[in-house]
Amino acid sequence: MTMQSAARILVVAGARPNFVKVAPIIDELRAMRGIRPVFVHTGQHYDFQMSEAFFQDLALPTPDHYLNVGSGTHAEQTARVMLAFEPVLLSEKPDIMVVVGDVNSTLACAVTAAKLGVAVAHVEAGLRSFDATMPEEINRRLTDAISDYLFTPSQDGDENLLREGVAPERIHFVGNVMIDTLRRHESAARAKKVYERYGLEAGRYAVLTLHRPANVDDPDVLGGMLAALAPVATRMPILFPAHPRTQQRLGLAAVADVVGGMPGLRVCDPLGYLDFLGILAQARLVLTDSGGIQEETTALGVRCLTLRNNTERPITVTRGTNTIAGTDPARIAEAAVVALDAPMPATEGPPLWDGRTAGRIARILARAVEKPR
Ligand code: UD1
């Protein structure tokens, strides 16, 4: 009689927010008997501060496969991931593949696996901004359409999927896996007092992040958004860890003039996970166009203004600390002043954002590979 070999669960990550989501899932899978996780890093993000720094902070294992795809247009990047990922799937022959979030690597790996008949599990399924100009919205919709296991972070996700005709037995409301990572590292992150490194005082600074193409690619748009924050910058310093994409524009005239005229706006390089979590946790106000930061501030009870016209994470508004401020500079300036003066609202916190999501996901995956579909 032959020994039954371990079931293989392949887990994919490619970009900064993905690393935060796969870390607790890989930990759970590694602790299970009869399961062998195989970890693939596509290389969509590759700078030290965008990738390696997260591996160190989150104690992520060295990937079994590094695809080294790098940057490019959407078609180039997506195609390169597919080309590099297909041979990995053919050699590893996983029983199931897990993708997280909504980046190009998520979609590319989901399509490749589905066409080879590998079951796809999507963590963070069902989120919708209903804004098809966002590349992430296209990635989310297409990934969900070909996934066999749809793990949703909030019940609005279930509703969106049901409306799109997804069979209810494929949908699993498990909560938000990013909050598992946040809870695990929160006290260590606070204890680092990273704000001191930037000459800031706890609770008396704001944090800004901007990286969406619609906000940062056009220097006039980016300059206008930064100028809108002048009323905040005169009252407290704003720390601005700038994404590489944004940094490339900061030297351009329309932007450099604004930054030069706002001494309260302090630009720095992107921060690692622990440093950024510490900075968020002790901020008075956060201004961002990121999806994940809307969720992290909700979990931390820190007021957040989202510099977009919509969100795929409405629960951060209805049950959290988030306000959609839009992208119009005059509206942003008004919302920022209101936010600085208002007391923090009491929030209930979304259901199942309890730090135990990865365990729920791993148990469902373990049952799935026990009884092949
Ligand atoms: C990607 C995701 C976005 C996510 C974000 C988090 C897609 C479509 N977008 O956006 O959903 O919120 O990651 O950061 O997948 N660059 C570097 N070093 C790096 C990575 C990127 O310099 O390590 C620069 C390159 O010039 C690159 C640009 O940033 O062209 C954009 O990178 P890309 O991976 O295409 O998208 P992001 O803007 O990072």
Side-chain angles (χ1 to χ4, degrees), residues 12-22 41-58 63 66-82 84-85 99-111 122-125 127-129 131-144 178 181 207-219 221-222 240-252 269-273 276-277 280 286 288-296 304 306-308 310-313 316:
V12 176
R16 183 169 63 172
N18 288 173
F19 307 134
V20 182
K21 293 166 198 168
V22 298
H41 181 350
T42 66
Q44 174 171 346
H45 283 173
Y46 44 85
D47 281 353
F48 179 87
Q49 282 302 109
M50 301 296 284
S51 177
E52 183 65 28
F54 282 70
F55 275 67
Q56 289 179 5
D57 280 356
L58 303 172
Y66 181 69
L67 307 185
N68 197 21
V69 299
S71 305
T73 66
H74 286 272
E76 284 166 351
Q77 193 173 57
T78 310
R80 266 194 240 130
V81 175
M82 291 175 73
F85 187 54
V99 288
V100 299
D102 55 16
V103 303
N104 286 343
S105 300
T106 309
L107 172 64
C109 292
V111 171
H122 183 206
V123 174
E124 206 182 89
L127 299 187
R128 298 288 180 266
S129 65
D131 175 359
T133 66
M134 282 178 76
E136 294 83 359
E137 181 74 355
I138 298 170
N139 292 341
R140 287 190 279 264
R141 280 182 177 276
L142 296 180
T143 302
D144 284 344
M178 236 179 51
T181 306
V207 178
L208 170 67
T209 81
L210 286 172
H211 75 284
R212 298 225 168 261
N215 286 340
V216 307
D217 280 2
D218 179 339
V221 171
L222 178 58
F240 182 19
H243 184 285
R245 178 181 201 110
T246 313
Q247 283 195 13
Q248 287 161 15
R249 274 82 179 173
L250 290 179
L252 303 176
D269 282 335
L271 300 175
Y273 181 74
F276 189 67
L277 178 58
L280 274 189
V286 174
T288 189
D289 62 3
S290 152
I293 294 171
Q294 296 171 45
E295 300 181 332
E296 288 167 334
C304 176
T306 293
L307 308 183
R308 288 171 43 191
N310 50 53
T311 180
E312 59 289 331
R313 292 160 163 94
T316 61

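Whatever order the structure lists ligands and atoms in, that order sets their numbers, starting from 1.
- When only modelled atom types and interatomic distance are considered, D269 and Q49 share no side-chain donor-acceptor pair under 3.5 Å.
- Numbered from 1 in the order shown, with element, the atoms of ligand 1 that lie under 4.0 Å from a heavy atom of H243 read 14 (O), 29 (O), 37 (P), 38 (O), 39 (O).
- The closest protein non-hydrogen atom to atom 9 (N) of ligand 1 is E136 OE2, 3.5 Å.
- The backbone N or O of V20 lies less than 3.5 Å from a partner atom in the side chain of T181, making a donor-acceptor pair.
- Residue-ligand proximity, R16 to ligand 1, at heavy-atom distances under 4.0 Å covers atoms 14 (O).
- Ranking protein heavy atoms by distance to atom 27 (C) of ligand 1, first place goes to S71 OG, 3.2 Å.
- Below 4.0 Å from some heavy atom of R245 lie the following atoms of ligand 1, by number and element: 29 (O), 31 (C), 38 (O).
- Residue Y46 approaches ligand 1 through these ligand atoms, each under 4.0 Å from one of its heavy atoms: 16 (N), 17 (C), 18 (N), 19 (C), 20 (C), 21 (C), 22 (O), 23 (O), 25 (C).
- If you check which protein heavy atom lies closest to atom 34 (O) of ligand 1, you get Q44 NE2, 3.1 Å.
- Counting heavy atoms from C-beta on, the side chains of K21 and V123 never come closer than 4.5 Å.
- For atom 22 (O) of ligand 1, the nearest protein heavy atom (residue, atom name, distance) is P244 CB, 3.2 Å.
- Ranking the protein heavy atoms by distance from atom 8 (C) of ligand 1 puts N104 OD1, 3.3 Å first.
- The nearest protein atom to atom 18 (N) of ligand 1, hydrogens excluded, is given as D47 OD2, 2.9 Å; this is a heavy-atom distance.
- Looking only at distances, no side-chain donor or acceptor of N215 sits under 3.5 Å from a matching main-chain atom of V221.
- Below 3.5 Å of separation, one finds no N or O of N139 facing any N or O of ligand 1.
- Summarising the geometry of T143 relative to A110, their closest heavy-atom pair is CG2-CB, 3.9 Å, with the distance given to 0.1 Å.
- Taking the side chain as every heavy atom from C-beta outward, E312 and E136 never approach each other to under 4.5 Å.
- Relative ring orientation between Y66 and H41 is described as perpendicular, the plane-to-plane angle rising above 60° on a 0-90° scale split at 30° and 60°.
- Under the 4.5 Å side-chain criterion, counting only non-hydrogen atoms from C-beta, L208 is in contact with L307.
- Q248 counts as a contact of ligand 1, since one of its heavy atoms falls under 4.0 Å from the ligand.
- A salt bridge (Lys or Arg N to Asp or Glu O under 4.0 Å) with D102 is found for one member of R141, R140, R128 and no other, namely R140.
- The protein atom (non-hydrogen) at minimum distance from atom 2 (C) of ligand 1 is V103 CG1, 3.6 Å.
- For a threshold of 3.5 Å applied to N or O pairs, the pair formed by H74 and ligand 1 contains no separation below that value.
- Checking side-chain atoms of T246 against main-chain N and O of V216 turns up no donor-acceptor pair under 3.5 Å.
- Ring to ring, F54 and H45 are not that close: their centroids are 6.0 angstrom or more apart.
- Against a heavy-atom cut-off of under 4.0 Å, P17 is close to the following atoms of ligand 1: 6 (C).
- Around atom 12 (O) of ligand 1, the closest heavy atom drawn from E76, R140, Q77, H211 belongs to H211.
- At a heavy-atom distance under 4.0 Å, atoms from both the backbone and the side chain of H45 approach ligand 1.
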